[in-house]
Amino acid sequence: MNLEVIKYTTQYETELMNLIEAEGEDWDVYWKEPNATKYKKALSDSVTYIALADNKVCGYSRSLVDTLYIYVCDLLVNEKYRGNSLGEKLMRCLKTDYPDLPIYIMSGNDEYYQKLNCHREGSIYLFQ
């Protein structure tokens, strides 16, 4: 299996939205209208990376970046592809592209971020 992480472009929009929809109602704020149209714009307006397995979208991250910090809004890897370090690779892209900015994560999965050795800072995590 060939795994890679690249910057998002709209050519992957449909495939990415299908991935998000497959997560079910926990993610329906993104894939159901009226938000789906807005979220597609957010994907392009944010710093978004996608994970590909044999050229098929299997994960993504979406972050907001300013001059002070990076805030990770969304991180998702399809269950079938978990355990291949894709979530960490998506996060590492931020470190590579923005080496001087701290990366903060509002966690819905504390156990995962602790596994990545992220440090809790109040109600968020700092990715190292």
Side-chain angles (χ1 to χ4, degrees):
M1 175 172 33
N2 180 32
L3 299 172
E4 65 178 321
V5 174
I6 63 171
K7 284 196 173 191
Y8 169 79
T9 65
T10 56
Q11 82 181 59
Y12 295 101
E13 181 180 277
T14 299
E15 207 175 337
L16 180 52
M17 292 303 290
N18 289 339
L19 171 80
I20 296 167
E21 186 173 353
E23 287 298 305
E25 68 181 45
D26 286 345
W27 288 73
D28 70 358
V29 68
Y30 299 139
W31 58 263
K32 274 188 179 176
E33 290 298 351
N35 289 346
T37 300
K38 294 175 190 174
Y39 193 67
K40 290 173 188 176
K41 182 170 177 7
L43 289 167
S44 293
D45 290 349
S46 306
V47 175
T48 304
Y49 300 96
I50 56 170
L52 301 172
D54 296 326
N55 296 314
K56 294 190 185 286
V57 175
C58 63
Y60 84 110
S61 70
R62 184 181 73 85
S63 305
L64 303 176
V65 178
D66 66 21
T67 59
L68 297 175
Y69 64 92
I70 299 168
Y71 175 73
V72 178
C73 303
D74 305 307
L75 177 66
L76 173 66
V77 174
N78 178 282
E79 188 173 2
K80 179 180 170 183
Y81 297 96
R82 292 177 191 162
N84 290 300
S85 300
L86 286 174
E88 184 174 5
K89 288 176 185 173
L90 287 160
M91 299 290 287
R92 291 270 167 231
C93 287
L94 290 166
K95 274 301 222 194
T96 299
D97 291 347
Y98 304 93
D100 298 327
L101 294 178
I103 301 169
Y104 292 102
I105 307 152
M106 181 67 78
S107 175
N109 187 345
D110 291 356
E111 193 174 298
Y112 175 73
Y113 294 109
Q114 290 167 352
K115 180 180 138 188
L116 292 182
N117 293 317
C118 296
H119 301 281
R120 181 175 282 288
E121 295 199 1
S123 62
I124 59 176
Y125 280 93
L126 175 64
F127 182 73
Q128 307 258 339

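In this chain, residues are counted from 1 in sequence order. Everything quoted here is computed from the prediction, not taken from an experiment.
Under the 4.5 Å side-chain contact rule for hydrophobic residues, Tyr49 and Ile103 share a cluster. Linking Ile, Leu, Val, Met, Phe, Trp and Tyr residues whenever their side-chain heavy atoms come within less than 4.5 Å leaves Leu94 and Leu43 in two separate clusters. In this structure, Ile20 is not a member of the same hydrophobic cluster as Leu64, with clusters built from ILVMFWY side-chain heavy atoms closer than 4.5 Å. Hydrophobic clustering, with ILVMFWY side chains joined whenever heavy atoms are under 4.5 angstrom apart, groups Leu75 together with Val5.
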Query - Test log, rule side chain to side chain contact (heavy atoms under 4.5 Å, CB included), inputs Asp28 and Glu23 - result: CA-CA 8 Å; Asp28 70 358; Glu23 287 298 305; over 6 Å; no
Report task. Go through the steps for Val77 and Leu90 under the test side chain to side chain contact (heavy atoms under 4.5 Å, CB included), then give the verdict. Result -> CA-CA 10 Å; Val77 174; Leu90 287 160; 4.2 Å; yes
Report task. Under the side chain to side chain contact (heavy atoms under 4.5 Å, CB included) rule, what do Tyr8 and Glu13 come out as? Steps first, then yes or no, please. Result -> CA-CA 8 Å; Tyr8 169 79; Glu13 181 180 277; 3.3 Å; yes
**Report entry** Step-by-step side chain to side chain contact (heavy atoms under 4.5 Å, CB included) determination, Ile105 to Met91
**Finding:** CA-CA 10 Å; Ile105 307 152; Met91 299 290 287; 3.3 Å; yes
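The number of heavy-atom neighbours closer than 6.0 Å to CD of Glu33, taken from other residues, nucleotides and ligands shown, is above 12.
For the atom pair Leu86 CG and Leu76 CG, the distance stands at 11.0 Å (nearest 0.5 Å). The distance from atom OG of Ser46 to atom NZ of Lys41, rounded to the nearest 0.5 Å, is 9.5 Å. Here the CG atom belonging to Leu16 is positioned 7.0 Å from the OH atom belonging to Tyr39, to the nearest 0.5 angstrom. Between Thr37 atom OG1 and Lys32 atom NZ the span is 14.5 Å, to the nearest 0.5 Å. Taking OG1 of Thr96 as the reference point, atom NZ of Lys89 lies at 12.5 Å (rounded to 0.5 Å). To the nearest 0.5 Å, atoms CG (Leu3) and SG (Cys58) are separated by 6.0 Å.
A side-chain donor-acceptor contact under 3.5 Å links Asp54 to the backbone of Asn2. At distances below 3.5 Å, not a single donor-acceptor pair connects side-chain atoms of Trp31 with backbone N or O atoms of Glu25. Put simply, the side chain of Asn35 gets close to the backbone of Val29: a donor and an acceptor are under 3.5 Å apart. In this structure a side-chain-to-backbone donor-acceptor pair under 3.5 Å is missing from Ser63 to Ile70.
Scored by the salt bridge (charged side-chain N to carboxylate O under 4.0 Å, His left out) test, Lys80 finds no partners at all (sequence neighbours excluded). With sequence neighbours excluded, no residue satisfies side-chain hydrogen bond (donor to acceptor under 3.5 Å, both in side chains) with Thr10. Shown here are the side-chain hydrogen bond (donor to acceptor under 3.5 Å, both in side chains) partners of Glu79, two or more places apart in sequence or in another chain: there are none.
Heavy atoms only, all atoms of each residue included: Glu15 and Asn55 are closest at OE2-O, 4.3 Å. Between Tyr30 and Met17, the shortest heavy-atom contact is O-CE, 3.5 Å. Taking both residues in full, the closest heavy atoms of Asp66 and Leu68 are given as OD1-N, 2.7 Å, listed atom of the first, atom of the second, then distance.
Using cut-offs of 30° and 60° for the angle between ring planes, the Tyr69 and Tyr104 rings count as perpendicular.
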